[in-house]
Undergrad: 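Pasting a structure below so you can have a look.
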Number of protein chains: 2
Amino acid sequence: MEKVWRRVDFEPFGKRETCAEGQTLMEAAQRAGVALVAFCGGAGSCGRCRVRVLEGHVSSPTSTEEKALGADALAVGYRLACQTRVLDNVKVYVPLESVGTTQRLEVEGREVATAVVPPVCGYAVEVPAPTLEDLRSDSVRVGDALREQHGIAAIEMDFAVVQELPNRLREQKWQGTVFVRHTGDGREAVRFGAAREVPVGLAVDLGTTKIAAFLLDLHTGKTLAADGEMNPQIAFGEDVMARIAHAMKGNSEALKLRRAVVGSISGLAAKLCQKVNRKPEEIVEAVVVGNTAMHHLFLGLPVAQLGMAPYVPAESNPMDVKARDLGLRFAPGCYVHLLPNVAGFIGADHVAMLLGTRIPEMEGVVLGLDIGTNTELVLKTDSRIITCSTASGPAFEGAHIRDGMRAASGAIEWVDLEDGEIRWQTIGKVAPVGMCGSGVLDAVAALRIAGIMDARGRLGEHPRVQRGKDGPEFVLVDAERTGHGRAIALTRKDVAAIQLAKGAIRAGIELLMGEGGVRAEQLDKVILAGAFGTYLSVGSVLTIGLLPPVPAEKVEQVGNAAGVGARLALISLEERERARQYAVRAEYLELTTLPQFAEVFARAMILD
Amino acid sequence: MEKVWRRVDFEPFGKRETCAEGQTLMEAAQRAGVALVAFCGGAGSCGRCRVRVLEGHVSSPTSTEEKALGADALAVGYRLACQTRVLDNVKVYVPLESVGTTQRLEVEGREVATAVVPPVCGYAVEVPAPTLEDLRSDSVRVGDALREQHGIAAIEMDFAVVQELPNRLREQKWQGTVFVRHTGDGREAVRFGAAREVPVGLAVDLGTTKIAAFLLDLHTGKTLAADGEMNPQIAFGEDVMARIAHAMKGNSEALKLRRAVVGSISGLAAKLCQKVNRKPEEIVEAVVVGNTAMHHLFLGLPVAQLGMAPYVPAESNPMDVKARDLGLRFAPGCYVHLLPNVAGFIGADHVAMLLGTRIPEMEGVVLGLDIGTNTELVLKTDSRIITCSTASGPAFEGAHIRDGMRAASGAIEWVDLEDGEIRWQTIGKVAPVGMCGSGVLDAVAALRIAGIMDARGRLGEHPRVQRGKDGPEFVLVDAERTGHGRAIALTRKDVAAIQLAKGAIRAGIELLMGEGGVRAEQLDKVILAGAFGTYLSVGSVLTIGLLPPVPAEKVEQVGNAAGVGARLALISLEERERARQYAVRAEYLELTTLPQFAEVFARAMILD
């Protein structure tokens, strides 16, 4: 049959597109470059592609539309673009929230782009006041206004929203913004806010050591404010295993760990909100990512089974938990979304890292590392995503190193040894007080290159090598040049700590590559994520053999990719689905039970 | 085309039915008298009609079935009966929970029958313990067992259930019962209980004066235990308006009212559970019905707008609220279901009364009354259900009557005056200490019939009429015959209180019948519900003109119909849907704004 061509005008953009009669408004919009939200893939179930037909003849409403929009909204022209077929020249109006704007999140110079498909949108409503002729309840009144004014039908209203509703409606003179959470087929009102209130969400990267928090505008996906602080659980144990051990002392101890983190997140939320003149109770959605132990302690899930073989999580599915159930005083109906865990030691933070880096979707063979006290590794081959975890210890964070310190002012962060002369640089360019992880690593690499240290970590003869109380040590900075009047040196024990850490990671990489059938020369890219991965010197990393032999240009440092992943999951339901799929596809390789583990680990400790 | 006949055997019932090839197993089951649950009406969305095909050829699984049952369950023969067509002689196994057993609830000799379609079912699972080769999380492990062993896929697990799960699984040696809540398309695990644990639910009739609670077996629908106590909110005000006024004194006062009721419900739940050797944390579902003010105070919703014109509720939709959000320590994921409110003074208790009596589905014209401090009225005509509410005051409950008392031991509950001789009977057959509502009403009626009292309530000449300090009074019992040594008399003021109460109710009836275009002789039935309605004498009610002139045999007394409705809603999702439809259909008539109200009310106070 001959095609009949029709014209479609998209307002308020003033875009015009020609399409064949019988095509959907969604198809026409795509061609016109109007990026309508199509979270359900055009099945009509998500109800996110609402448009309003202003002029022209289109197909009759489907039962799907009747359910999603309601008769009142259909009567004034509201339709789902994916269900509506063009039968004439038509003009349609596209509401702001039906357009998936693209947001780019920057990560250390790298950008990740995503379509903003917010889980919560704000809809301004004018609500008629009750009269003796109109006795609808406040909740029904608001639901009807939402349907009539925005074509959003069949919402549920959280009872905590209803608790606030009568007073807010009357104080705000029957105007306001309904914040509706869209997930799958459901719609739930999570807050009734002020007129013209923009929805804000909180993304949290709950690290064992540090908690980073971000406040985002959910309509645009823009980051409004960011801040971080040390994880107060450190008082109960430095690493994950110590925290688990502490929590196992009893319910009240586990509760202390939980409350510490909840208090910290609440405090960060308040601080971020204050920066942009908002309030925590206006936060309508949150995402929290952490490793499996952090995830469990935050949710009050037991961790005993995480601390012993075979280390299974209580929960690995993605979760939506009411903020109030977690002790967070955000919007009355606010949910906290938790990304899925893969295994006991591959948690939601790793999934967030995959999301932030897009490793599973990269071309070729890619190795990813998130270096920390526990280092998570991922190997993406042509057909598989294999993950593993290795207990690398805190040496790379400057802990368990005699003159080690965290990456703070006065920490030697860079070391070089050229023609026998030692050079270094401190954070803040002040007098040195210790070495942070990258400094220690540089020092070890420099000593290896200069031949002062052998592959087993033993120090040879050199004017700066002297005998300390723990055996030979290399003096980096003489006492008179430091900030505290004591020399800063690298001891044999420090080197051993680095060797253990390096060995654990390298062994993990080797076993992972063995499982994936990949040789070093086949690696197309190596991604170093996490705070430590960002600041260390790639040259030194390659020198000491923490990574397999690859050209330095294949190594990319991406910073807090888990934090980026948390933000992506906050502003887009598509990203949550992507994360779910990543977690399903990710295989977990338990290293410690592999027969060759001990041998590979021993070999990997050698510095060559 | 010629029909081909096939044989279907239903196990474990041993029932055999013949059906045409191509018919569904659901149709065959219906003919065989196997009442499969079909909550969604055969659309496949509720997933409640699971059966297992043991032998014979049937149609291929639909995508609906793949979603609801999962591939593993389909592989072992699980199917949805409404989706599966018979292609051969087949033998199917019907799990217990797929059969909608019928339960009859008795109400003062009247029975209401319903198919038990419980919102929560228990499914026994055997869960494989984790090994190094099977590292699934506890939650996934249980979800998989549910799918593989029962064909129930895609459940969500409340995070509070996951909090208990790891320890329970290990203590119970990887066995247990998953309690799954089915509502609409969703499925949520609300508790992981012991092996062979039967699900119990709590139904509560939250009255202004009395709280009645019932513990039910959700699989059979049987009432296991019942108990009641006074509403402790009475300390804060006798009637609804007093409670609203108290709550408006401030949030902390409203919280006191809320806590009083929550404490009472918790206490009743504990008492009922103890009677049958269960624990409150095993309660997996609850239903609470009360008038709109009780509903709001229980949920912590504001009541200020209920206390002033136009008296609109904050919420009128049916609600599902987590028990933990209401301060009730039931199963970790337990929901409290609240039936819909119709208006500010027609609450969920009235909807429950309609459910318990089935008035909206009765033949002919029916008038229903739930007499209390506030009396709710309903008129069912051929085309309409009209409700109204009238402030009848507490006189019928024995309050505001000088010698009045509640219906307790020693209360005169029945009075007669024959040939000038007064006769009476007390509750417990002990010496009288006062009159309860039915006694007062009888006394008034007897005095009217004997001509000692005129239509305006004035007492004439009679040996027992004497002058008290409040004017003339009729001495029912002389001082020497009472339990406390003081005479029991009916004063002019008492009669005025009865006249006001009677007037309010009768005026409501007249205005309701006017609105519905119904005359007294067209009434086919008058239903008296509520505690008071049950105990009063129909003769006296007709004598004083509380009801329009109808033959006594048309009047039916049904007791606590709201409590029956609460129990029906607890054991059946179909009953919840029925309640929702009743509330949608029910119109509300505001009496006080009708121009003829004052005149009708004045006339209705006359005792003729």
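Basis for what follows: all heavy atoms, side chains included, without hydrogens, waters or symmetry-related copies.
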Undergrad: Please determine if Glu577(B) and Arg580(B) form a salt bridge, counting it only when a charged side-chain N lies under 4.0 Å from a carboxylate O.
TA: yes
Undergrad: Among Ala314(B), Pro166(B), Gly300(B), which residue forms the greatest number of heavy-atom pairs with chain A at distances under 4.5 Å?
TA: Ala314(B)
Undergrad: Answer whether the closest heavy-atom distance between the side chains of Ile244(B) and His296(B) falls below 4.5 Å.
TA: no
Undergrad: Report yes if some heavy atom in the side chain of Glu515(A) is under 4.5 Å from a heavy atom in the side chain of Cys388(A); otherwise report no.
TA: no
Undergrad: Below 4.5 Å from any heavy atom of chain A, which atoms of Leu326(B) appear? Answer side chain, backbone, both or neither.
TA: side chain
Undergrad: Considering only heavy atoms and a distance below 4.5 Å, find which of Glu156(A), Glu590(A), Arg170(A) pairs most often with chain B.
TA: Arg170(A)
Undergrad: Mind running salt bridge (Lys or Arg N to Asp or Glu O under 4.0 Å) on Glu253(B) and Lys256(B) for me, showing each step along the way?
TA: CA-CA 5 Å; Glu253(B) 293 307 308; Lys256(B) 275 184 204 164; 2.9 Å; yes
Undergrad: Within the structure provided, determine whether Val190(B) and Cys334(B) are in side-chain contact (heavy-atom separation under 4.5 Å).
TA: no
Undergrad: Quick check on Thr131(B) against chain A: is it the side chain, the backbone, both or neither that has a heavy atom closer than 4.5 Å?
TA: backbone
Undergrad: Looking at Asp134(A), Leu299(A), Leu165(A), which has the largest count of heavy-atom pairs under 4.5 Å with chain B?
TA: Leu299(A)
Undergrad: Between Ala309(B), Ser137(B), Pro130(B), which has the largest tally of heavy atom pairs under 4.5 Å with chain A?
TA: Ser137(B)
Undergrad: Could you tell me which portion of Arg136(A) (side chain, backbone, both or neither) has an atom closer than 4.5 angstrom to a non-hydrogen atom of chain B?
TA: backbone
Undergrad: So which part of Asp325(B) gets closer than 4.5 Å to some heavy atom of chain A, the side chain, the backbone, both or neither?
TA: both
Undergrad: What residue in Gly143(B), Ala304(B), Ala160(B), Pro302(B) has the most heavy-atom pairs under 4.5 Å with chain A?
TA: Pro302(B)
Undergrad: Which atoms of Val162(A) are under 4.5 Å from chain B, going by heavy atoms: the side chain, the backbone, both sets, or neither?
TA: both
Undergrad: Any Lys/Arg nitrogen of Glu188(B) or Lys322(B) sitting under 4.0 Å from an Asp/Glu carboxylate oxygen of the other?
TA: yes
Undergrad: Quick check on the interface: out of Asp320(A), Asp158(A), Leu132(A), who has the most heavy-atom pairs with chain B under 4.5 Å?
TA: Leu132(A)
Undergrad: Under 4.5 Å from any heavy atom of chain B, what part of Ala343(A) do you find: side chain, backbone, both or neither?
TA: neither
Undergrad: Check whether Tyr588(A) gets within reach of chain B through its side chain, its backbone, both or neither, counting any heavy atom under 4.5 Å.
TA: side chain
Undergrad: Mind ranking Pro310(B), Ser316(B), Gly344(B) by heavy-atom pairs under 4.5 Å with chain A and telling me who comes out on top?
TA: Pro310(B)
Undergrad: Using a 4.5 Å cut-off on heavy atoms from C-beta on, say whether the side chain of Val287(A) contacts that of Arg576(A).
TA: yes
Undergrad: Just so I know, are the side chains of Val312(A) and Asp138(B) near enough to count as touching, which here means a heavy-atom distance under 4.5 Å?
TA: yes
Undergrad: Between Asp144(A) and Arg141(A), is the closest basic N to carboxylate O distance under 4.0 Å?
TA: no
